[in-house]
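Below is one structure, written out as structure tokens; comments come after it.
The shown structure was predicted, so the numbers you read here are calculated from the model rather than taken from an experiment. Values below: all heavy atoms of this structure, side chains included; hydrogens, waters and symmetry mates excluded.
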Amino acid sequence: MAHLGDHAAVLLAAVREQRPLVHHLANFVTMQAVASATRAVGALPVMAMAGDDAEEVAAAADALVLNLGTPTPERLEVMFAAGRVATVRGIPIVLDPVGAGATRYRTVAAGRLLDKLRVTVVRANPGEAAALLGRSGFVRGVESVGAGESVAGSAVESAGAGDAAALASTLARERGCVAAVSGACDHVADADRVLVVENGHPWLAVIPGAGCMVTGVIGAFCAAARSVADGAGSLLAAASALVCFGVAAEIAAGHARGPGTLAPALLDALYHLTPEQLRQAARVREI
């Protein structure tokens with residue numbers, strides 16, 4: 001994928017120029033980090049969570065991000081209400097099914113959101129992606145430790161890179177969306193293509209909320225991609241956002257002593273990252 005760095009550079013510049021409004025129905029644990037990352041990359045975050053307020057904000061937003069990290073029945077109803085507005089308006093909806101597979105409640109909630117709304121991108125870890133496909137992902141708390149045996153017992157998967165690609169591709173085809181499965185490498189797929197993003201740093205895996213942060217950045221890039229004339233669709237927008245976050249993490253790790261100092265350095269790196277840095281540092285291939 002020789003030109004993904006160019007797409008990432010164009011979309012980062014577009015985010016900074018357009019400053020898209022990204023409506024987050026967020027996870028209370030990571031809400032501050034998500035708002036900071038979204039703002040650092042150049043977009044405008046808003047966390048409207050009350051019913052009528054959320055519908056009104058969704059009617060004005062450029063993208064909607066749904067995060068299942070701290071679900072309640074009331075919050076799910078707000079997600080459906082805002083999602084219906086976003087679906088009618090045709091703005092991107094990005095779903096982070098946090099903890100799908102860990103409990104039946106979260107798995108069913110994520111499935112209902114996918115059934116009822118026009119979700120553009122699902123950003124999940126391997127265990128969550130497996131759960132959305134009806135397989136038994138190994139999810140402890142909200143952390144994935146692998147994708148396991150299928151519920152029907154007809155297939156067995158490990159957490160290897162090839163499995164992540166298969167999970168992303170299958171999820172994309174079955175749900176008619178872009179699927180981004182995060183891991184040591186990120187696998188981003190639509191019905192026809194699978195891209196592997198190799199940017200990032202191992203310390204991201206031990207920062208609470210890193211996945212939620214990158215989901216917010218995906219929302220910003222998907223919003224900007226709608227008006228970019230080079231044909232960058234949701235697949236390239238999601239991959240570009242992962243490249244952006246991964247390159248920023250690599251830069252930040254060079255100034256940090258561990259996960260504790262990586263988090264603030266990551267925000268600084270996102271803020272100062274230039275399109276040219278993205279163009280030069282992107283490591284993406286198509287499989």
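Remark: side-chain polar atoms of N125 are not paired, donor with acceptor, to backbone N or O of S182 under 3.5 angstrom. Listed for the E128 side chain is a donor-acceptor partner under 3.5 Å among the backbone atoms of G99. Using a distance-only test at 3.5 Å, with no hydrogens or angles considered, a donor-acceptor pair links the side chain of T120 to the main chain of I93. A donor-acceptor contact shorter than 3.5 Å links the side chain of T170 to the backbone of A166.
Other residues, nucleotides and ligands contribute only 12 or fewer heavy atoms inside 6.0 Å of the CD atom of E56.
The closest side-chain heavy-atom distance from F28 to M49 is below 4.5 Å. F245 places none of its side-chain heavy atoms less than 4.5 Å from the side chain of V41. The shortest side-chain heavy-atom distance between D190 and R193 falls under the 4.5 Å cut-off. Annotation: side chain of Y105 is in contact with side chain of L76 (closest heavy-atom distance under 4.5 Å). For the pair V29 and P208, the minimum side-chain heavy-atom distance is 4.5 Å or more. With a 4.5 Å cut-off on side-chain heavy atoms, V243 and H7 do not count as touching.
Not counting sequence neighbours, the partners of V85 by the side chain to side chain contact (heavy atoms under 4.5 Å, CB included) test are E55, A58, A59, R89. In this view, S36 and Q32 satisfy the side-chain hydrogen bond (donor to acceptor under 3.5 Å, both in side chains) rule, not counting sequence neighbours.
Across all non-hydrogen atoms, the minimal contact from V181 to A129 is CG2-CB, 4.0 Å. Between A43 and V22, the closest heavy-atom pair is CB-CG2, 4.1 Å. A pairwise comparison of heavy atoms in N27 and G69 identifies ND2-CA, 3.4 Å as the closest pair.
The CG atom of L270 lies 6.5 Å from the CE atom of M213; values are rounded to the nearest 0.5 Å. Within the model, atoms CG of L266 and CD of E250 stand 11.0 Å from one another, a figure rounded to the nearest 0.5 Å. Distance check, rounded to the nearest 0.5 Å: CD of E198 to CG of L242 gives 13.0 Å. Going from atom CZ of R283 over to atom CG of N199 covers 4.5 Å, rounded to the nearest 0.5 Å. Between the NE2 atom in H24 and the OG1 atom in T38 there is a gap of 3.5 Å [rounded to 0.5 Å]. Taking SG from C177 and CG from L114, the interatomic distance works out to 6.5 Å, rounded to the nearest 0.5 Å.
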Problem set entry | Pair D115-R175, salt bridge (charged side-chain N to carboxylate O under 4.0 Å, His left out): steps then yes or no | CA-CA 8 Å; D115 289 340; R175 287 299 188 173; 2.6 Å; yes
Problem set entry | Criterion side-chain contact (heavy atoms from CB on, under 4.5 Å) on Q277 and I251, from CA distance to verdict | CA-CA 10 Å; Q277 284 177 298; I251 294 170; 3.8 Å; yes
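Listed by first and then second residue, the side chain to side chain donor-acceptor pair (under 3.5 Å) pairs involving residues 12-22 are Q18-S227 (not counting sequence neighbours).
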